[in-house]
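See below for the structure under consideration.
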Amino acid sequence: MNATRDEEREERSPELVRVCFVCLGNICRSPTAEGIMQSLVREAGLEAHIEVDSAGTDAFHVGERPDPRSRSTAEGRGVSLPSIGRRFEARDFDRFDYVLAMDHENLERLHARARNDAERARTVLLRHFEGPERGDEAVPDPYYGGPDGFDEVFDICERSCRGLLAHIRREHGLE
């Protein structure tokens, strides 16, 4: 039996907000954002109210741990990246309240998988939450670059996740 989105919301706690970060392969940017957000949620004592996940629009790295360079950068800043690579499927729209793409290409891929306007509306670029001057910018892919790219991605994701958490707290009464 397939439950509608409204039925699923009724089955779970109304305070639970689900967030999914999405990049291409789910080994660099999206697991970094996931780990940072999990850390921020834990620090805020909101684990019972906010669930965080990540995925890729492609299946290149399904079953793999995050890139060692991403893990090293995060660990150096006190953040763990526990995720295992997986592909974002259209049914994931049923699970998540916020779907956050790392760049325009992945945003377009997600919009193409969305089954309706409501799902497309819940899918935005992560940097939208960094601030209005950055809202249309991508989180750069550090995969083919040096270690500085991973530091830059971490910094961008941290600023954006702080903005996202503030937004969720306001919008969902978690102040």
### Summary
Here the gap from His61 atom NE2 to Ile84 atom CD1, rounded to the nearest 0.5 Å, amounts to 13.5 Å
### Query
Under 3.5 Å, side chain of Arg69 to main-chain N/O of Tyr143, donor-acceptor pair present?
yes
### Query
Salt-bridged, Arg122 to Asp117, with N to O below 4.0 Å?
no
### Task
Test side-chain contact (heavy atoms from CB on, under 4.5 Å) on Phe96 and Val99 and set out the steps.
CA-CA 7 Å; Phe96 296 104; Val99 178; 4.0 Å; yes
### Query
Just by distance, do the side chain of Arg127 and the backbone of Gly135 share a donor-acceptor pair under 3.5 Å?
no
#### Entry: Side-chain heavy-atom pair Ile50, His172 within 4.5 angstrom cut-off
no
### Message
Looking at Arg87 and Thr57, would you say the former's side chain and the latter's main chain have a donor-acceptor pair under 3.5 Å?
### Response
yes
### Query
Side-chain contact, heavy-atom cut-off 4.5 Å: Cys28 with Pro66?
no
### Query
For the hydrophobic clusters of this structure (ILVMFWY residues joined by side-chain heavy atoms under 4.5 Å, transitively), does one cluster hold both Tyr144 and Ile27?
yes
### Message
Between Leu46 and Phe129, is there shared hydrophobic-cluster membership here, with clusters defined by ILVMFWY side-chain heavy atoms closer than 4.5 Å?
### Response
yes
Distance-only donor-acceptor hits, side chain of residues 36-44, under 3.5 Å, sequence neighbours excluded:
residue, atom, partner, partner atom, Å
Gln38, NE2, Glu34, OE2, 3.4

### Query
Any salt bridge between Arg95 and Asp92, counting N to O under 4.0 Å?
yes
### Task
Look only at the side chain of His49 and the backbone of Val17, and say whether a donor-acceptor pair between them is shorter than 3.5 Å.
no
### Task
Ignoring hydrogens and angles, tell me if any N or O in the side chain of His128 forms a donor-acceptor pair with the backbone of Leu164 under 3.5 Å.
no
### Task
Identify the two heavy atoms, one from Pro82 and one from Ser80, that lie closest to each other, and give their separation to 0.1 Å.
CD-O, 3.3 Å
### Query
In the single-linkage hydrophobic clustering (I, L, V, M, F, W, Y; side-chain heavy atoms under 4.5 Å), do Val79 and Leu100 co-cluster?
yes
#### Entry: Presence of salt bridge, Arg29 and Asp103, under 4.0 angstrom
yes
### Query
Checking side-chain contact (heavy atoms from CB on, under 4.5 Å) for the pair Val19/Ile168: CA distance, chi angles, key distance, verdict?
CA-CA 10 Å; Val19 177; Ile168 290 171; 3.7 Å; yes
#### Entry: Closest non-hydrogen atom pair between Arg18 and Leu16, with its separation
NH2-CD2, 3.2 Å
### Task
In sequence, state the C-alpha distance, the side-chain angles, and the governing distance for Met102 and Asp141, and then conclude on side-chain contact (heavy atoms from CB on, under 4.5 Å).
CA-CA 8 Å; Met102 297 295 145; Asp141 188 347; over 6 Å; no
### Query
Looking only at heavy atoms, what is the nearest atom pair of Cys23 and Ser30, with distance?
SG-OG, 3.1 Å
### Query
Between Phe88 and Phe93, is the ring centre distance below 6.0 Å?
yes
#### Entry: Joint cluster assignment, Phe150 & Val153, ILVMFWY side-chain distance < 4.5 Å
no
### Distance-minimising heavy-atom pair for Asn106 and Ala101
C-CB, 4.2 Å
#### Entry: Heavy-atom donor-acceptor pair, Asn26 side chain to Arg86 backbone, under 3.5 Å
yes
### Side chain to side chain, His111 and Thr123, heavy atoms closer than 4.5 Å
yes
### Message
Checking Arg109 against Asp58 for the side-chain contact (heavy atoms from CB on, under 4.5 Å) test, could you report, in this order, the C-alpha distance in whole Å, the side-chain angles of both residues, the deciding distance, and whether it holds?
### Response
CA-CA 9 Å; Arg109 287 175 169 211; Asp58 219 312; 3.5 Å; yes
### Task
For residues 155-168, pull every pair meeting salt bridge (charged side-chain N to carboxylate O under 4.0 Å, His left out), keeping only residues two or more places apart or in separate chains.
Arg77-Asp155, Glu130-Arg159, Glu158-Arg162
### Summary
Here the pair of heavy atoms bringing Ser160 nearest to Leu126 is CB-CG, 3.5 Å
### Query
Would you say the side chain of Val52 lies within less than 4.5 Å of the side chain of Phe21, judging by non-hydrogen atoms?
yes
### Task
Work out which heavy atom in Leu81 is nearest to a heavy atom in Thr32; give both atom names and the distance.
CD2-CA, 3.8 Å
